[in-house]
Amino acid sequence: MRVSRLMLVTLRDDPAEAEIPSHKLLLRAGYIRRIGSGIYAYLPLLWRVLQKISAIVREELNAAGALETLLPQLQPAELWQRSGRWAGYTDGEGIMFHLEDRQGRELGLGPTHEEVITALASDLLRSYRQLPVNLYQIQTKFRDEIRPRFGLMRGREFIMKDAYSFHADEACLKQTYAAMDQAYRRIFSRCGLRAVAVEADSGAIGGSASQEFMVTADAGEDLILASTDGRYAANQERAVSLPAEAVPLPGGARSAGSGEALATPAQTSIEQLCEAHGFHPSQTVKVLLLLARFEDGCQQPLLVSLRGDQQLNEVKLANAVTARCSADHGTLLDIAPLSAEAATREGLSALPLGFMGPHLEDAVLSGAASWTPRFLRLADATATALEAFVCGANTTDTHLVGAGWGALCPAPDSLDLRAAQPGDRCQHDPRQQLEASRGIEVGHIFQLGRKYSSALEATFTNEAGQDEPLWMGCYGIGVSRLAQAAVEQHHDANGICWPTAIAPYELMLVIANAADAEQVALAERLYEQFGAAGVEVLLDDRSERAGVKFKDADLLGIPWRVVVGRGAATGMVELVERASGEKREIPAAEVQAALLERLLPERSGLVAA
RNA sequence: CGGGAUGUAGCGCAGCUUGGUAGCGCACUUCGUUCGGGACGAAGGGGCCGCAGGUUCGAAUCCUGUCAUCCCGACCA
């Protein structure tokens with residue numbers, strides 16, 4: 001391809017709309033254009049990158065025995081109503097674009113395809129003899145994100161590879177899950193990415209085990225906690241750790257009872273309380289008041305106890321609440337802190353906010369206009385493990401010292417609701433600490449179990465002749481996000497440095513002076529030869545000055561460059577590697593062999609980065 | 001949705017405080033000189049100043065509303 005025919009428009013200044021390096025560079029180098037918030041046009045150069053990534057994904061998934069397919073993006077509401085996700089995905093903060101057709105039937109634009117694929121599976125998969133099956137597609141997804149961000153990182157329309165597997169039993173599911181884990185590692189490695197696999201929460205998709213693949217980058221939206229020995233890594237929303245030991249309360253367990261009142265005027269926070277009376281935060285129990293809203297309209301007040309020095313992990317809390325309530329009330333829509341104003345609106349008398357203890361009685365909720373008049377009481381293990389502690393007295397300006405579970409009130413079940421923090425000791429080896437880094441989630445694999453197949457009655461007949469729900473797994477890769485993540489990980493002050501395996505072209509052939517007939521003739525000859533040798537070559541034939549072409553070549557990030565310039569008269573050209581900047585003067589007759597020697601191993605993407 | 005900010009030429013910005021009918025750099029077109037790291041000179045083209053109301057003799061500028069975009073939180077590939 002000739003640059004003069006490429007519709008290439010590069011920008012000298014960073015566009016004001018972009019914040020992170022990869023987004024700025026993709027815009028500046030002419031790879032993408034914004035059409036609307038979270039909606040981007042993939043220009044010809046980026047489309048080549050996406051095609052290359054897709055090709056790698058196809059090769060690896062096909063090798064793992066998966067079948068490519070293409071499912072509809074327009075999906076009937078009925079399918080989603082049967083799985084129980086229509087309301088959650090369309091009401092309130094739901095992310096599904098939805099519409100009505102001319103008959104008034106509701107449809108959604110697919111944010112994911114569990115429903116469709118499960119319906120197909122129940123139609124087509126009748127016998128254990130057909131299993132296992134693993135289907136995938138590479139396709140545009142639509143999600144009405146609450147906040148689109150950072151170009152392709154979080155778009156409302158984006159390209160995703162999603163795969164779904166079906167099994168006769170859990171062991172077989174685990175086998176495919178492991179195979180996909182391996183395929184994913186190869187895919188990211190071949191794309192030239194440094195990616196780490198971390199334990200993850202399974203979120204709205206549901207199911208049991210799940211693992212995310214993170215491209216490490218400072219601009220990443222997720223916080224990863226990993227042990228220094230590399231044996232444990234998890235997304236912070238999922239991470240577990242050993243909390244610091246609590247500092248025993250002076251007087252200790254002997255005095256533990258219903259506690260002694262202590263005047264604590266206006267000391268509503270743990271910091272103020274500890275500073276005023278010399279307590280250590282780990283000697284206190286803090287009590288959080290929140291409200292959970294469910295699909296069926298139920299509004300359940302939550303009373304959550306944590307040790308004072310710990311932070312609440314909202315994902316763990318949401319999972320605990322879902323486990324206790326969703327059988328009765330459907331999907332959990334959200335959990336939000338309960339404010340004094342909200343309590344007043346409910347017609348309740350003032351709650352002792354800032355001075356609450358775990359023994360706060362349900363009576364304070366009596367007369368609530370729309371809330372369930374009974375707390376769901378939850379406690380983190382760090383709180384229930386305290387023998388004697390300081391907590392609010394449920395009376396303004398008063399705390400209790402030396403209170404203990406049992407005497408004060410029964411201890412709720414011990415749960416893990418705390419957020420693991422960098423510096424915490426690891427569970428697998430207390431000598432190891434957790435370290436934080438940031439990551440971009442480019443892939444996620446789940447063992448779904450039988451959640452969707454049960455809801456949609458997708459069953460098969462087992463060897464014993466009985467019907468049972470299919471076991472399912474699902475596996476996603478954000479293809480367009482991966483392309484940008486690659487730029488985030490591979491760029492320098494001058495522009496992008498694509499890994500060869502996903503670069504839009506492999507070689508940029510630059511004519512330094514397009515007015516010099518000798519240079520043009522030599523470059524044209526080389527262009528022919530490289531093309532014939534199967535090298536993906538871009539010829540910069542524009543009548544720009546050499547400096548402009550060099551700047552653009554750096555910005556575009558094509559991994560190899562051959563410059564035909566003043567050496568052309570004596571048959572010499574220059575071979576340059578973009579990433580390292582390494583340059584060699586070399587006879588034109590030898591340049592193809594020299595390039596191929598380096599290029600061929602890079603194509604597979606499996607060389608050391 | 002809550003909090004913050006910005007809308008002026010394709011891109012980056014000034015002008016607004018103190019109203020008088022729009023400017024700079026890059027990009028684009030033509031000509032000349034240049035020609036290995038974003039050249040120089042000359043001449044040009046391109047803007048209902050986001051949109052709608054209002055105040056005023058007169059609004060990019062002041063007021064009201066509205067829309068859009070971006071940033072910080074909940075969502076996720």
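Since the structure is predicted, the reported quantities are computational estimates derived from the model, not experimental observations. Chain naming here is simple, since letters A, B, ... match the order of the sequence lines and numbering starts at 1 in each.
At a cut-off of 3.5 angstrom, counting only N and O atoms as typed in the model, there is a donor on one side and an acceptor on the other between the side-chain of D552(A) and the base of G38(B). The base of G38(B) lies outside donor-acceptor range of the side chain of E544(A), with no N or O pair under 3.5 Å. Below the 3.5 angstrom threshold, one finds no donor paired with an acceptor across the side chain of R561(A) and the base of G36(B). Contact annotation: side chain of R143(A) to base of C76(B), donor-acceptor pair absent below 3.5 Å. Not a single donor-acceptor pair, N or O on each side, falls under 3.5 Å between the base of G2(B) and the side chain of R147(A). Side-chain N/O atoms of R34(A) and base N/O atoms of U69(B) include no donor-acceptor pair closer than 3.5 Å. For C70(B), the base has no donor-acceptor partner in the side chain of R149(A) [N/O atoms by modelled type, under 3.5 angstrom]. In this model, no side-chain donor or acceptor of D14(A) finds a partner on the base of G12(B) within 3.5 Å. A donor N or O paired with an acceptor N or O is not found under 3.5 Å between the base of C13(B) and the side-chain atoms of D13(A).
Using the Watson-Crick or G-U wobble rule with both distances under 3.5 Å, G23(B) pairs with C13(B). A42(B) is paired with U30(B) under the Watson-Crick or G-U wobble criterion, all donor-acceptor distances under 3.5 Å.
Checking P15(A) against V564(A), the closest nucleotide of RNA chain B that is more toward the 5' end is the one next to P15(A). Each of G478(A) and E19(A) lies near RNA chain B, and the nucleotide nearest E19(A) is the one positioned closer to the 5' end.
Y184(A) comes within contact range of no nucleotide atom at all, as no heavy-atom separation falls under 4.0 Å. Using a 4.0 Å heavy-atom distance criterion, E17(A) is classed as a sugar-phosphate-only contact. Within the nucleic acid shown, V442(A) comes within 4.0 Å of sugar-phosphate atoms alone, with no base atom in reach, counting heavy atoms only. E574(A) comes within 4.0 angstrom of a base, heavy atoms only.
Taking the C1' atom of each, C16(B) and A22(B) are spaced 12 Å apart, rounded to whole Å.
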key: Full working for ring pair (Phe, Tyr, Trp, His ring centres under 6.0 Å) between F188(A) and F213(A)   = CA-CA 9 Å; F188(A) 299 128; F213(A) 293 85; 5.5 Å; yes
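Between the side chain of E488(A) and the main chain of S22(A), a donor-acceptor pair closer than 3.5 Å is present. The main-chain N or O of E441(A) is found under 3.5 Å from a side-chain atom of R481(A) such that the two form a donor-acceptor pair.
Residue-nucleotide stacking is present for F158(A) and A77(B), judged by a side-chain ring centre under 5.5 Å from the six-membered base ring centre and planes under 30° apart.
Nearest nucleotide to the side chain of R566(A), out of A77(B), G36(B), C13(B): G36(B). Side-chain proximity of L11(A) to the nucleotides C11(B), G36(B), G38(B) is greatest for C11(B).
Ring centers of W498(A) and Y31(A): under 6.0 Å apart, within the cut-off.
With contacts defined as side-chain heavy-atom distances shorter than 4.5 Å, the pair T69(A)/Y136(A) does not qualify.
Within 6.0 Å of CG in N62(A) there are more than 12 heavy atoms belonging to other residues, nucleotides or ligands.
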